[in-house]
Protein chains: 2
Amino acid sequence: MAGPHTLAETERQVNQKLVHKNINFEAMAVTSNLFRAANAVRNHLERTVLAKNDLSWTAFVVLWVTWIWEPIETRQIAEEGGFSKATLTGVLSTLEKRGLLVRKKSKEDGRLVIVELTSKGRKLMDSLFPAFNKQETAVANVVASSKQAQLAEQLRAITKFAESRD
Amino acid sequence: MAGPHTLAETERQVNQKLVHKNINFEAMAVTSNLFRAANAVRNHLERTVLAKNDLSWTAFVVLWVTWIWEPIETRQIAEEGGFSKATLTGVLSTLEKRGLLVRKKSKEDGRLVIVELTSKGRKLMDSLFPAFNKQETAVANVVASSKQAQLAEQLRAITKFAESRD
DNA sequence: CTCCGATTGTTTGGATACAAATCATTTTCA
DNA sequence: TGAAAATGATTTGTATCCAAACAATCGGAG
């Protein structure tokens with residue numbers, strides 16, 4: 001949200017708009033930088049790693065979650081990945097059509113659908129994830145190595161708080 | 001990306017998949033928590049503040065940027081807000097139809113479109129932004145007050161890095 | 001002056017995402 | 001047991017977003 005203008009410039013402008021109220025600029029900086037960072041990193045990873053494999057962000061997350069936990073129920077994929085079941089259905093169909101994973105009906109519960117990678121899907125992830133993680137490392141190394149765990153924990157705490165307000 | 005499973009559980013699973021490679025789990029934690037936090041906070045703000053005013057996230061950002069910097073050229077709105085010109089065109093039309101802002105052609109350069117809030121739009125933002133900032137404050141206060149500036153700065157640096165890799 | 005390339009906003013076409021409705025299956029409990 | 005409630009995935013309809021093509025305008029080289 002804070003783009004080409006610096007935070008200080010934006011602060012000055014906001015103060016002109018709201019002289020009488022007291023605005024928490026530090027909080028504003030936290031959230032606006034949070035959104036910009038997430039967007040920028042996602043775009044970066046899409047460009048550097050995912051685009052050449054013709055994978056959307058969500059498609060990659062589905063493959064990743066499945067790769068780690070297979071065999072896995074679709075509802076778990078949706079929960080781990082953080083998107084709706086409706087979204088997942090479409091992505092699964094696409095990935096199944098491309099031969100990267102398969103759907104199977106659960107034998108214990110006919111309502112459930114179980115997902116597994118194909119060997120083609122596994123081979124893809126074997127090469128894709130290290131490349132992905134390399135870029136993740138480059139991003140994380142922007143902050144001092146000694147501060148990365150703290151940063152991750154702060155973000156995790158923010159997530160927990162925001163999700164608890166459903 | 002790290003959902004119901006803890007990071008430790010995911011680590012163990014990933015190690016089983018990639019015993020021979022060395023994966024940077026700390027970096028993985030930073031990025032995955034970054035995405036989850038941004039999503040959770042955005043959803044939280046949409047629910048608590050924006051939904052009752054029937055505003056989408058992008059619509060709010062457009063109003064906010066315009067409110068702060070008006071009169072403003074559309075290309076600046078798109079840049080500050082971090083979305084494409086195509087997206088902006090649609091959102092501007094919606095907001096103009098709802099009487100919250102107006103488009104005017106620039107007199108100096110016929111290609112440019114200048115945007116200003118209407119008094120109705122200004123009145124909306126006068127009440128909306130304090131409520132929004134109150135929720136931002138609640139989110140930011142999840143981390144110690146003394147650490148908020150550092151967090152914002154780390155996120156800003158990450159943004160800068162990711163965007164520099166275009 | 002007059003092209004011609006650059007810039008800007010809009011339109012078009014397609015991808016993505018989700019809520020609500022629907023269909024199939026399982027579980028509950030009277 | 002069996003009807004109703006609950007659960008899970010899919011379909012449907014709608015909103016959002018973007019890249020690429022397009023139209024309008026500007027500005028400079030010749």
Side-chain angles (χ1 to χ4, degrees), chain A residues 4 35 38-40 42-47 50-51 53-63 66 71-98 101-115 166, chain B residues 35-36 38-40 42-47 50-51 53-63 65-66 71-98 101-116 166:
Chain A
F35 299 127
N39 261 334
R42 175 174 163 157
N43 289 338
H44 173 62
L45 292 173
E46 283 179 340
R47 278 194 314 271
L50 270 37
N53 291 93
D54 199 29
L55 287 174
S56 71
W57 180 262
T58 306
F60 173 76
V61 173
V62 169
L63 287 176
T66 305
I72 183 175
E73 301 171 7
T74 55
R75 56 181 172 172
Q76 293 179 321
I77 301 177
E79 181 159 16
E80 292 266 350
F83 33 75
S84 71
K85 299 178 299 172
T87 298
L88 181 60
T89 295
V91 175
L92 280 180
S93 299
T94 301
L95 294 175
E96 193 168 25
K97 225 171 293 175
R98 288 173 58 180
L101 50 78
V102 288
R103 278 189 265 214
K104 297 188 301 186
K105 274 212 156 186
S106 167
K107 278 161 187 164
E108 295 82 29
D109 188 334
R111 295 168 299 185
L112 300 181
V113 171
I114 312 294
V115 180
D166 278 341
Chain B
F35 299 127
R36 293 194 75 81
N39 261 334
R42 176 174 162 156
N43 289 338
H44 173 62
L45 292 173
E46 283 178 339
R47 279 195 312 271
L50 270 37
N53 291 93
D54 198 29
L55 287 175
S56 71
W57 179 261
T58 305
F60 173 76
V61 173
V62 169
L63 286 175
V65 170
T66 305
I72 184 175
E73 301 171 5
T74 56
R75 56 179 172 174
Q76 293 178 320
I77 300 177
E79 181 158 17
E80 293 266 351
F83 33 74
S84 71
K85 301 178 299 170
T87 297
L88 182 59
T89 295
V91 175
L92 280 180
S93 299
T94 301
L95 293 175
E96 193 168 24
K97 225 171 292 174
R98 287 174 57 180
L101 50 77
V102 288
R103 278 190 265 215
K104 297 188 303 186
K105 275 214 154 184
S106 167
K107 278 161 187 164
E108 294 84 30
D109 187 334
R111 294 168 300 183
L112 300 182
V113 171
I114 311 294
V115 180
E116 277 184 26
D166 278 341

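Below, chains carry the letters A, B, ... as their sequence lines are ordered, and counting in each starts from 1.
- Taking CG from Leu88(B) and CD from Gln76(B), the interatomic distance works out to 11.5 Å, rounded to the nearest 0.5 Å.
- Remark: P of dG9(C) and CD of Gln76(B) are 9 Å apart, rounded to the nearest angstrom.
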Using a cut-off of under 3.5 Å, enumerate the N/O to N/O pairs linking the protein to nucleotides 24-28 of chain D.
unit_1	atom_1	unit_2	atom_2	d
dT25(D)	O3'	Gly110(B)	N	3.3
dC26(D)	OP1	Gly110(B)	N	2.7

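- For the side-chain contact (heavy atoms from CB on, under 4.5 Å) test, residues two or more places apart in sequence or in another chain that qualify with Arg98(B) are Asp54(B), Leu55(B), Thr94(B), Leu100(B).
- Under the side-chain contact (heavy atoms from CB on, under 4.5 Å) criterion, Ala40(B) pairs with Thr159(A), Ala162(A), Glu163(A), not counting sequence neighbours.
- Lys85(A) pairs by the side-chain hydrogen bond (donor to acceptor under 3.5 Å, both in side chains) definition with nothing, not counting sequence neighbours.
- For Ser93(B), the side-chain contact (heavy atoms from CB on, under 4.5 Å) partners are Arg103(B), not counting sequence neighbours.
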Base versus backbone protein contacts along nucleotides 11-17 of chain C [heavy-atom cut-off under 4.0 Å; B, S, -]: B----SS
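- We find that CG of Leu112(A) is positioned 13 Å from P of dT7(D), with the value rounded to whole Å.
- For the pair Asp54(B) CG and dA15(D) P, the interatomic distance rounds to 10 Å; values are reported in whole Å.
- Shown here are the side-chain contact (heavy atoms from CB on, under 4.5 Å) partners of Leu101(A), two or more places apart in sequence or in another chain: Val62(A), Leu63(A), Leu92(A), Leu95(A), Glu96(A), Val115(A), Leu117(A).
- Partners of Asp109(A) under the side-chain hydrogen bond (donor to acceptor under 3.5 Å, both in side chains) rule, at least two apart in sequence or in another chain, are Arg111(A).
- Nucleotide dG9(C) holds its P atom 14 Å from the CD atom of Glu96(B), rounded to whole Å.
- Thr58(B) pairs by the side-chain hydrogen bond (donor to acceptor under 3.5 Å, both in side chains) definition with nothing, not counting sequence neighbours.
- One atom, CG of Leu92(B), and another, P of dC18(D), lie 13 Å apart when rounded to the nearest Å.
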